[in-house]
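Below is one structure, written out as structure tokens, with a few remarks after it.
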2 protein chains.
Amino acid sequence: MGNQMTEMLKGTLEGIVLAILARRSAYGYEITAWLRDRGFSDIAEGTIYALLVRVEQRGFVDVEKVPSEKGPPRKVYSINAKGRDQLAEFWRTWTVLAERIEQLHHTDNQQDQGA
Amino acid sequence: MGNQMTEMLKGTLEGIVLAILARRSAYGYEITAWLRDRGFSDIAEGTIYALLVRVEQRGFVDVEKVPSEKGPPRKVYSINAKGRDQLAEFWRTWTVLAERIEQLHHTDNQQDQGA
DNA sequence: CCTCGCTATTAAGCGTCGCTAGCTACCGGT
DNA sequence: ACCGGTAGCTAGCGACGCTTAATAGCGAGG
């Protein structure tokens, strides 16, 4: 929807997908559907594929081609050790940023309750 | 520092600066120093100025030129009504995203405590 | 005097990211 | 034969933050 969310997803979407893959392996179409179910309905379809290509090239995931009963073969992505390191780094950065912003949010609300 | 933080700041830095201006008016150099004090030490100097130009062009802030005792005149930015609307929208988007990501964080931690 | 350093702002060019739009391809049902 | 759902790929775009360099005013020190 809003481009506000679009800009905010930059830098976080990769972490989101890695977090999903940390729970279980999945393929692009599946991840997109999963995100839509979870309320990330504003994420464009093609974005996930491009992101998966990127994380594969960086060596954060392993790929396995699996034939599908209904449609072209799926590319199933599994997070690997390097990917888990990256994910941990993502959570560290996220936590730091979220805490700082939350502090701002509180002081902001003290002045502007009508937010 | 890390480009991880750099990417995450995309979309959030504007909200951060608007939140600062919601507390009190300020000029670029001052904001940069303030951010450095508050732990946002990884934000580049020039970035804030470019951002301020942007929010001014979008009409989120009013500007007043004030002579400085030591150096060239300062451009003091004040948030206006439109800017407060934008800030409120920012907090809405931020809250939604932060909640979704936090949910992922919990389920992620259940599997991978050793992050 | 002239340079150094601090204050303060501006601008050009770069890389990364998510989005848009369109395409390929496989399969089953009508 | 056609269409819709499944599944993936890609080129080009705009937005954002970073890097780097330039400009400019002012005070202190050589």
Side-chain angles (χ1 to χ4, degrees), chain A residues 1-18 25-36 40-58 60-61 63-77 86 90 93 97, chain B residues 1-18 25-36 40-58 60-61 63-77 86 90 93 97:
Chain A
M1 282 266 137
N3 57 330
Q4 182 111 247
M5 183 60 90
T6 293
E7 288 307 321
M8 252 186 235
L9 282 173
K10 289 183 180 177
T12 59
L13 189 53
E14 180 182 304
I16 291 170
V17 169
L18 286 179
S25 301
Y27 54 97
Y29 196 82
E30 192 182 8
I31 294 174
T32 303
W34 193 93
L35 286 170
R36 263 186 227 296
F40 288 100
S41 52
D42 23 29
I43 294 175
E45 175 111 20
T47 300
I48 298 300
Y49 289 111
L51 192 155
L52 288 171
V53 168
R54 217 166 60 222
V55 293
E56 182 188 355
Q57 283 174 345
R58 292 189 186 162
F60 299 150
V61 292
V63 189
E64 192 190 358
K65 210 156 206 167
V66 177
S68 167
E69 302 150 8
K70 36 167 62 182
R74 300 164 173 167
K75 283 182 73 176
V76 175
Y77 293 84
Q86 175 73 4
F90 166 76
T93 307
L97 182 62
Chain B
M1 281 270 134
N3 57 329
Q4 182 110 248
M5 182 59 91
T6 292
E7 290 305 323
M8 251 186 236
L9 283 174
K10 288 184 181 177
T12 58
L13 189 53
E14 180 182 303
I16 290 170
V17 170
L18 286 179
S25 302
Y27 54 97
Y29 196 83
E30 193 182 6
I31 295 174
T32 303
W34 194 93
L35 286 170
R36 261 185 229 298
F40 287 100
S41 51
D42 22 30
I43 294 175
E45 175 112 18
T47 300
I48 298 300
Y49 290 110
L51 191 155
L52 288 171
V53 168
R54 219 166 58 224
V55 294
E56 181 188 356
Q57 283 174 346
R58 291 189 187 160
F60 299 150
V61 293
V63 189
E64 190 191 359
K65 211 153 206 167
V66 177
S68 169
E69 302 148 9
K70 37 168 60 182
R74 301 163 173 168
K75 282 180 73 176
V76 175
Y77 293 84
Q86 175 74 5
F90 166 76
T93 307
L97 182 62

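Every chain is numbered from 1 and lettered A, B, ... according to where its sequence line falls, protein lines coming before strand lines.
- Taking for each of B:Lys70 and B:Tyr49 the nucleotide of DNA chain C with the nearest heavy atom, the 5'-most of the two is the partner of B:Lys70.
- Atom CG of residue A:Leu13 and atom CG of residue A:Leu51 lie 5.0 Å apart, to the nearest 0.5 angstrom.
- A distance of 12.0 Å separates OG1 of B:Thr12 from NZ of A:Lys10, quoted to the nearest 0.5 Å.
- Candidate nucleotides C:dA8, C:dG18, C:dT20 were compared by shortest atom distance to the side chain of A:Ala44, and C:dT20 ranks first.
- Taking the side chain as every heavy atom from C-beta outward, B:Leu52 and B:Phe60 never approach each other to under 4.5 Å.
- A:Glu45 has its CD atom 17 Å from the P atom of C:dT24, to the nearest Å.
- Within 4.0 Å of B:Lys10, counting heavy atoms only, lies at least one base atom of the nucleic acid.
- Of the inter-residue distances, the one linking A:Glu14 atom CD with B:Met8 atom CE reads 9.0 Å to the nearest 0.5 angstrom.
- B:Leu18 approaches B:Gln86 most closely through the heavy-atom pair CD1-CG, 3.7 Å.
- Separating the CG atom of B:Leu9 from the P atom of C:dT16 is a distance of 17 Å, rounded to the nearest angstrom.
- Scanning DNA chain D 5' to 3' for nucleotides with an atom closer than 4.0 angstrom to a non-hydrogen atom of chain A gives a first and last hit of D:dT6 to D:dC16.
- Between A:Pro73 and A:Ile48, the one whose closest nucleotide on DNA chain C sits nearer the 5' end is A:Ile48.
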For residues 26-35 of chain B, please give each side-chain donor-acceptor pair under 3.5 Å, one per line with the distance, not counting sequence neighbours.
residue	atom	partner	partner atom	Å
B:Tyr27	OH	B:Arg74	NE	3.3
B:Tyr27	OH	B:Arg74	NH2	3.3
B:Glu30	OE1	B:Tyr27	N	3.2
B:Glu30	OE2	B:Arg24	NH1	3.0
B:Thr32	OG1	B:Gly28	O	3.0

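- The CZ atom of B:Arg54 sits 15 Å away from the C1' atom of C:dT10 (whole-angstrom rounding).
- Rounded to the nearest 0.5 Å, atoms CD (A:Glu7) and OG1 (B:Thr93) are 11.5 Å apart.
- Atom CD in A:Gln57 sits about 11 Å away from atom P in C:dC17, given to the nearest Å.
- Residue A:Arg74 places none of its side-chain N or O atoms closer than 4.0 Å to OP1 or OP2 of C:dC26.
- Between the CG atom of B:Asn3 and the P atom of C:dC14 there is a distance of 19 Å, given to the nearest Å.
- In this structure, B:Ser68 reaches the sugar-phosphate backbone alone: every heavy-atom distance under 4.0 Å involves primed, P, OP1 or OP2 atoms, never a base.
- Between B:Ile31 atom CD1 and C:dT9 atom C1' there is a gap of 13 Å when expressed in whole angstrom units.
- In this structure, B:Leu13 reaches the sugar-phosphate backbone alone: every heavy-atom distance under 4.0 Å involves primed, P, OP1 or OP2 atoms, never a base.
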